[in-house]
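Shown next, in structure tokens, is the structure this report addresses.
We name chains A, B, ... by the order of the sequence lines, and we start the count at 1 in each one. The basis for the numbers below is simple: all heavy atoms, side chains too, and nothing from hydrogens, waters or symmetry mates.
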2 protein chains.
Amino acid sequence: MAGYDPRTFPAVAVTVDLVVLTVRDGGLCVLVVRRGEEPYAGREALPGGFVRPDEDLLAAAQRELAEETGLTPGAAHLEQLASYGAPDRDPRMRVVTVAHLALVADPPDPRAGSDAAAARWAPVAEVSPGLAFDHDRVLGDGVARARAKLEYTALAASFCRSSFTVAELRRVYEAVWGRPLDPRNFHRKVTSAAGFLEPTGETTTRDGGRPAQLYRRGPAAALHPPLLRAEN
Amino acid sequence: MAGYDPRTFPAVAVTVDLVVLTVRDGGLCVLVVRRGEEPYAGREALPGGFVRPDEDLLAAAQRELAEETGLTPGAAHLEQLASYGAPDRDPRMRVVTVAHLALVADPPDPRAGSDAAAARWAPVAEVSPGLAFDHDRVLGDGVARARAKLEYTALAASFCRSSFTVAELRRVYEAVWGRPLDPRNFHRKVTSAAGFLEPTGETTTRDGGRPAQLYRRGPAAALHPPLLRAEN
DNA sequence: CCAAAAGTGTTCAAAGTACACCCATGA
DNA sequence: TCATGGGTGTACTTTGAACACTTTTGG
């Protein structure tokens, strides 16, 4: 950083790309757009776009997320994932992308963004490998991050609507981790984790059987103790 | 990403900044350079520099690390930390920096990089807050990452020389976490974590008292089970 | 011998897993 | 009434914290 000359910096384009995940029909799904132009015309890619001159990185990601899904900022969890800048990752020019991870609940059908030809929610295994650019790797990193963070944060609730049952939350964990969990132990763990869930007082029978208590997200960001930890 | 025009991208400079940590005299220290020019002339900052036109992000970080410390690539742990791109973070122009975290053992005295006026190892609390640009935040994020990763990875060994004792490894944990650990339970935990440590067969009395077994890093990257987990 | 640090054994408490069992609803 | 999922109780196992104790060196 010391001693650089602003007049001779190497020209680079900076974009944000989005790994937008949701849980649908018991599986982990990602938002992808079909590319209409070269390079990779016809292939699917993660949504993304340029960072504008007066925009912070997170703000750019929020704007792109809103453009692609119609979600208002704050309605979904959004965090920076990692940056990717291999010199040849885009054949046209040097592009460094700052990837972000978004977790959304109950997603609306994707609306065609200003420049996205066609967007859809696709099961992760269905589109990757096969994405444009280095997006297979970006998606892989995003899924790995989501899996890891479910263990020790309250993030799983970001995949649920504002009011949800313990069983719905459990199905999120099962979808992201790809393995069944014991409903009874899971129930005890999440309801006894301080600040994770707050009962609304209402019940629902939308899952069938005995009415289930409804909860909303609690104030806790981290989970003490973490979930999982083997549960063979 | 879809539909951008390479001829009209917003001009941005991309740099890498380094959070280089080491343990000295029982405390966590960071490599800082004194700035010779505006802005922030005379203030200390994290080392860093431009990403060159044909260089990947990690390669740029490796090059900077070598320039500042003389360490050859691979001699230290180096990973991407996060990117920072607030529009006004550098008053001269739009600069997006991809920060990296490096953990080094037994560091040589910093050598003046090609453009670094003066570099030194400083205790983290001594220089932050007070760093130039947004480097207080970058350093804080780096330290937080290091603290967290010691729990569930074998990274602590990156702070040790190629051959080290359990007590030396414990002092690394104590310095980074800032709290004492029970030597006896610590010994049992790290020696029973599969793949963390490999005995060299040699012993040393450099710590005084009964001779201690010497170890080198094992092949494991992750620790099962993780360390810490309360230990009040 | 004494001090100092390495390393082991043992006890107790806490947490996790497996699973039997009861509850409350819709059909 | 039965099927279905919600929710609780409990026995067993595993893990971790605390700390007494033995070992092996230097001075």
Side-chain angles (χ1 to χ4, degrees), chain A residues 25-26 150-152 156 160-161 163-175 177 179-216 220 222-232, chain B residues 26 150-152 156 160 163-175 177 179-194 196-216 222-232:
Chain A
D25 305 323
L150 285 211
E151 275 197 57
Y152 58 94
C160 296
R161 288 171 288 178
S163 178
F164 55 89
T165 67
V166 172
E168 287 163 355
L169 184 65
R170 176 168 49 82
R171 281 190 277 275
V172 166
Y173 276 89
E174 292 177 332
W177 285 345
R179 68 142 119 178
L181 299 174
D182 185 302
R184 299 159 295 190
N185 292 334
F186 181 85
H187 184 279
R188 196 184 349 240
K189 279 191 192 180
V190 296
T191 54
S192 64
F196 192 3
L197 303 180
E198 283 181 346
T200 65
E202 320 240 314
T203 61
T204 180
T205 58
R206 63 191 180 213
D207 293 324
R210 170 175 165 178
Q213 188 66 233
L214 281 168
Y215 296 88
R216 59 175 150 260
L223 250 41
H224 298 292
L227 297 190
L228 192 59
R229 188 157 188 75
E231 181 143 3
N232 296 312
Chain B
L150 285 211
E151 276 198 57
Y152 59 93
C160 297
S163 179
F164 54 91
T165 68
V166 171
E168 288 164 354
L169 184 66
R170 176 168 47 81
R171 281 190 277 275
V172 165
Y173 276 89
E174 291 176 333
W177 285 344
R179 68 142 121 178
L181 299 175
D182 184 302
R184 301 159 294 192
N185 290 335
F186 182 84
H187 185 281
R188 197 183 350 237
K189 278 191 192 179
V190 297
T191 53
S192 65
F196 191 4
L197 302 180
E198 283 181 347
T200 65
E202 320 239 314
T203 61
T204 181
T205 58
R206 63 190 181 216
D207 293 323
R210 170 176 166 180
Q213 188 65 231
L214 280 168
Y215 295 89
R216 60 176 149 260
L223 250 39
H224 296 293
L227 296 191
L228 192 59
R229 189 160 189 73
E231 181 142 2
N232 296 312

Rounded to the Å, how far apart are [X] [atom1] and [N] [atom2]?
| X | N | atom1 | atom2 | value |
| --- | --- | --- | --- | --- |
| B:L181 | D:dC19 | CG | P | 15 Å |
| A:H224 | C:dG16 | NE2 | C1' | 18 Å |
| A:R188 | C:dC19 | CZ | P | 14 Å |
| B:L227 | D:dG16 | CG | P | 9 Å |
| B:L223 | D:dT15 | CG | P | 14 Å |
| B:R170 | C:dG7 | CZ | C1' | 12 Å |

Options [options], nucleotide nearest the side-chain atoms of [X]:
| X | options | value |
| --- | --- | --- |
| B:R184 | C:dA6, D:dC19, D:dG6 | D:dC19 |
| B:P211 | D:dG7, C:dA18, D:dT25 | D:dT25 |
| B:K189 | D:dG16, D:dA18, D:dG6 | D:dG16 |
| B:H187 | C:dG7, D:dG16, C:dT25 | C:dG7 |
| A:D182 | C:dG16, C:dA6, C:dC19 | C:dC19 |
| B:Q213 | C:dG7, D:dG7, D:dC19 | C:dG7 |
| B:N185 | C:dC21, D:dA17, C:dA18 | D:dA17 |

**Request:** Classify the side chain of A:R210 versus the base of C:dA24 as yes if they form a donor-acceptor pair under 3.5 Å and no if they do not.
**Result:**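 Counting by modelled atom types and ignoring angles, no donor-acceptor contact under 3.5 Å is found here.
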**Request:** Please figure out whether A:G209 or A:T191 has its closest DNA chain D nucleotide nearer the 5' end.
**Result:**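 It is A:G209 whose nearest nucleotide is closer to the 5' end.
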Is any side-chain heavy atom of [X] less than 4.5 Å from a side-chain heavy atom of [Y]?
| X | Y | answer |
| --- | --- | --- |
| A:T204 | A:T165 | yes |
| A:D207 | A:R171 | yes |
| B:L227 | B:L181 | no |

**Asked** Quick one: CG on B:L214 to CZ on B:R206, what's the gap to the nearest 0.5 Å?
**Response**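 Answer for the CG-CZ pair, B:L214 versus B:R206, is 5.0 Å.
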**Request:** Supply the atom-to-atom distance A:R216 CZ to A:C160 SG, rounded to the nearest 0.5 angstrom.
**Result:**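 It is 14.5 Å, given to the nearest 0.5 Å.
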**Message:** Counting the atoms with a prime plus P, OP1 and OP2 as sugar-phosphate, which does A:R206 contact under 4.0 Å by heavy atoms, base, sugar-phosphate, or nothing?
**Reply:**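 No contact at all - A:R206 keeps every heavy atom at 4.0 Å or more from the nucleic acid.
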